[in-house]
A.B. asks: 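Pasting a structure below so you can have a look.
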Amino acid sequence: MAEVVQSHIEDMLPEVYELQQLGVLSSVEAKSVIKTRTDFEYKMRRRISKKQDFLRFIDYELKFDKLKQSRLLQLGTNDVSEGVRYRSLQRIHFIFQKCLRKYKNDIPLWIRYIKYCKQVASSRSLGLAFVEALKHNPNCVEIWIMSAKNEMEVNKNISAARSIFLRALKFNSDSPELWKEHFRLEVLHVEKLQKRRQIMQACDKPAHAAPDEFMNFKTAKIVFRNALSSIDLTSDNLSGFTEIVQKLEFNQDDLMKFLYESALKQSPATPFLWIKLAEFVMTKDVIKAQSILQTAFATVQTFECLMSIIEFMIKFSEKLGNILSAMTDYMGRSLDTLSLINPDKVIKIGDLMIKNDLSSFLEKIIDIALRKCPESQSLWLYKVHNLSHDPIKDLEEALLVLPKDSKILLEYLSSLALLDQAKCRSNWEKIIKESYSAPLISHYVQYVYASFGLADARKVFKAVQNWHTIPEETVTELLKYEIANKTDSEQVCQLFNFLTNNFDKAENWKFYWDYCRKNSPEQISSVLWKCRKSMSEAQIAQMF
């Protein structure tokens, strides 16, 4: 190993000596360069070498070459030997290649070397790098694409680029990126030929007569059809192809139409494809777009498809104009034919329609959705909050289906309280007697206190005890009312005793203790004594 290292150091001495003679390096810097390179040479050749050592050597040589070129430019020295000018580049290539022989499957390292070859315009080394990288990593899509782009953009060789893509797809036929880039290659090639033909015609010169089929993107269409049979047709994948076509300068309508129609032929039950086609047609023919949407639902017939169509209608409501009402009627009838619908998605669509001032069309859809899902609490409440002309009537209809739903009951009683206090209280009492619901009981006490005062709230509290077990939050709520009205402390303490006896929790004892500390100090010792029966000393100390 030492002989090899010594041989390499001797090979670099003429370069270092010449740089010293030119004034690029001082004697101290020259010695430092030799010492550093010697250290790196030994590290590269030890029995267990590390990739990090190679990378540090490369970084060192890159910085050294940059410094050398900068100082040569400052000195204005042009009369230098090829060894001085290019030796650093050769050494960097050598280190990269030695490292890559050891780490053949390191994709980031291969990509870094390829980019370096491009940077220094080393076309021969670049070609060899692509060959070696792909030989050891045939499933690396990124390197295949870089190789094909190099042939197309740098070497201007469309045949070689096409050949690379065909070989790449043998190993990676399920890669959407490869298919998109192959499609891009064919499309851009035809566009270049179209531009060339246009320029030649403007100059009255004969243009190369490419076949009309080829100029109509025949090859690109073949690539797309093959892609459809090899990859999953998701929205993102299709968008990748359509974005390529949208960037064309020449007429793109025929090719775009071909993409959508081919995709639909392959996957007719995919809603987003129908929506994409309708969006494309919308700019030219609104009636045809309407026909496409109706065909879409007739073909797919799912709730998700219908929701996608309604979202489309909301998005293009201004362009649809006079036919929007007819389309809404059709969507309503279509919704009525479905056996399964998702109330949450209907509500989401409703929010979009309200946001876009289309609430007049929404009521029909919500009514149909309620007919299909009468037990959906969220749909009933959505209708009451956003569309109802008579909330009490709608809530009474909801209660026929959901008689014990606490949220609908609470909404109904809250609405009734604004119109008829007597009827509201009567209904409250009837509902509380028939069913137990802690939130409803608490709201009942709260309603009575707000409407009729503390005395009535106390009566309700006692009455409820005869029907149900009083919930903890109801007792706590009544205590807050008593304290706010500065009720006699003895009466309040009785209620606190009720709370702590039935709900023996630290926070309830803390609430009791805080009240006594401010309003009834003589009760503090009694509270602490009662605490010890159910809590440890540590818990009491932590609480107080």
A.B. asks: Does any part of the side chain of H182, heavy atoms only, come nearer than 4.5 Å to the side chain of L185, both counted from C-beta?
C.D. replies: yes
A.B. asks: Check the side chains of Q90 and R87 for a donor-acceptor pair under 3.5 angstrom, ignoring hydrogens and angles.
C.D. replies: yes
A.B. asks: If we count only N and O atoms by modelled type, under 3.5 Å, do the side chains of S163 and R167 hold a donor and an acceptor together?
C.D. replies: yes
A.B. asks: Considering all heavy atoms of both residues, which atom of I164 and which atom of S147 are nearest to each other, and what is their separation?
C.D. replies: CD1-OG, 3.3 Å
A.B. asks: side-chain contact (heavy atoms from CB on, under 4.5 Å) with C99: which of F54, F57, Y113?
C.D. replies: F54
A.B. asks: Under the side-chain contact (heavy atoms from CB on, under 4.5 Å) rule, what do F280 and I275 come out as? Steps first, then yes or no, please.
C.D. replies: CA-CA 9 Å; F280 171 68; I275 299 301; over 6 Å; no
A.B. asks: When you measure from the side chain of N150 to the backbone of M146, do you find a donor-acceptor pair of N or O atoms at a distance under 3.5 Å?
C.D. replies: no
A.B. asks: Over all heavy atoms of both residues, which pair between H93 and C117 is shortest? Give the atoms and the distance, please.
C.D. replies: CE1-SG, 3.7 Å
A.B. asks: Are S239 and T242 side-chain neighbours, meaning at least one heavy-atom pair lies under 4.5 Å?
C.D. replies: yes
A.B. asks: Output the distance between atom CD1 (I145) and atom CD (E177), rounded to the nearest 0.5 Å.
C.D. replies: 6.0 Å
A.B. asks: Identify the heavy atoms of S173 and S230 that sit nearest to each other, and give their distance.
C.D. replies: O-CB, 3.2 Å
A.B. asks: Can you see whether F258 has K221 sitting over its ring - NZ or CZ less than 6.0 Å from the centre and within 45° of the normal?
C.D. replies: yes
A.B. asks: Are side-chain heavy atoms of L233 and T270 found at a separation under 4.5 Å?
C.D. replies: no
A.B. asks: Would a 4.5 Å heavy-atom cut-off, applied to side chains only, mark T234 and N237 as touching?
C.D. replies: yes
A.B. asks: Less than 4.0 angstrom from a charged side-chain N to a carboxylate O is my criterion; do R91 and D65 meet it?
C.D. replies: no
A.B. asks: Are R37 and E61 within salt-bridge range, i.e. N to O under 4.0 Å?
C.D. replies: yes
A.B. asks: Looking at CG of L370 and CG of L379, how far apart are the two atoms once the value is rounded to the nearest 0.5 Å?
C.D. replies: 5.0 Å
A.B. asks: Given 3.5 Å as the limit, does a donor-acceptor pair link the side chain of W110 with the main chain of K104, or not?
C.D. replies: yes
A.B. asks: What are the two closest heavy atoms between P268 and T299, and how far apart are they?
C.D. replies: O-CG2, 3.7 Å
A.B. asks: Using 0.5 Å steps for rounding, measure from the NZ atom of K63 to the OH atom of Y60.
C.D. replies: 10.5 Å
A.B. asks: Can you tell me how far OG of S125 sits from CD of Q97, rounded to the nearest 0.5 angstrom?
C.D. replies: 6.0 Å
A.B. asks: Using a 4.5 Å cut-off on heavy atoms from C-beta on, say whether the side chain of C140 contacts that of L134.
C.D. replies: no
A.B. asks: Checking E142 now: which residues fulfil salt bridge (Lys or Arg N to Asp or Glu O under 4.0 Å) with it, not counting sequence neighbours?
C.D. replies: none
A.B. asks: Before giving the answer on side-chain contact (heavy atoms from CB on, under 4.5 Å), spell out for E181 and K149 the whole-Å C-alpha distance, their side-chain angles and the decisive distance to 0.1 Å.
C.D. replies: CA-CA 9 Å; E181 293 302 326; K149 283 187 175 180; 3.5 Å; yes
A.B. asks: So do Y116 and L62 actually touch side chain to side chain, heavy atoms under 4.5 Å?
C.D. replies: yes
A.B. asks: Quick one: does R162's side chain get under 4.5 Å of E186's, heavy atoms only?
C.D. replies: yes
A.B. asks: Let me confirm one number: the NZ-CZ distance from K276 to F272, rounded to the nearest 0.5 Å.
C.D. replies: 8.0 Å
A.B. asks: Check this for me: does any side-chain nitrogen of one of R184 and E191 sit under 4.0 Å from a carboxylate oxygen of the other?
C.D. replies: no
A.B. asks: Under a 4.0 Å N-O cut-off, is there an ion pair linking K218 with D254?
C.D. replies: no
A.B. asks: Just verifying a value: how many Å separate N137 CG and I107 CD1, rounded to the nearest 0.5 Å?
C.D. replies: 3.5 Å
A.B. asks: When you measure from the side chain of Y382 to the backbone N and O of D351, does any donor-acceptor pair fall under 3.5 Å?
C.D. replies: yes
A.B. asks: Regarding D344 and K348, does a basic nitrogen lie under 4.0 Å from an acidic carboxylate oxygen?
C.D. replies: no
A.B. asks: Do you know the tightest heavy-atom contact between L259 and F183?
C.D. replies: CD2-CZ, 4.0 Å
A.B. asks: Within the 4.5 Å heavy-atom criterion, are D39 and T36 side-chain neighbours or not?
C.D. replies: no
A.B. asks: Please determine whether side-chain contact (heavy atoms from CB on, under 4.5 Å) holds for the pair V187 and K247, giving the CA-CA distance in whole Å, both sets of side-chain angles, and the decisive distance to 0.1 Å.
C.D. replies: CA-CA 10 Å; V187 167; K247 292 177 182 177; over 6 Å; no
A.B. asks: Would you find a donor on one side and an acceptor on the other, under 3.5 Å apart, between the side chain of N105 and the backbone of H136?
C.D. replies: yes
A.B. asks: Please report the closest heavy-atom contact between A129 and I114, naming both atoms and the distance.
C.D. replies: CB-CG1, 4.2 Å
A.B. asks: Hey, is the main chain of S291 close enough, under 3.5 Å, to the side chain of Q294 for a donor-acceptor pair?
C.D. replies: no
A.B. asks: I'd like to know whether D59 forms a salt bridge (Lys or Arg N to Asp or Glu O under 4.0 Å) with R112, so could you lay out the CA-CA distance, the side-chain angles of the two residues, the decisive distance to 0.1 Å, and finally the verdict.
C.D. replies: CA-CA 12 Å; D59 291 336; R112 184 178 177 184; 2.6 Å; yes
A.B. asks: Should we say atom NZ of K98 is surrounded by more than 12 heavy atoms from elsewhere, each under 6.0 Å from it?
C.D. replies: yes
A.B. asks: For the CD atom on E304, are there more than 12 heavy atoms of other groups (residues, nucleotides or ligands in this structure) within a distance under 6.0 Å?
C.D. replies: yes
A.B. asks: Take W179 and N226 through the side-chain contact (heavy atoms from CB on, under 4.5 Å) test and state the conclusion after the steps.
C.D. replies: CA-CA 9 Å; W179 285 108; N226 292 335; 3.6 Å; yes
A.B. asks: For S175, does its backbone N or O pair with a side-chain atom of N172 as donor and acceptor, under 3.5 Å?
C.D. replies: no
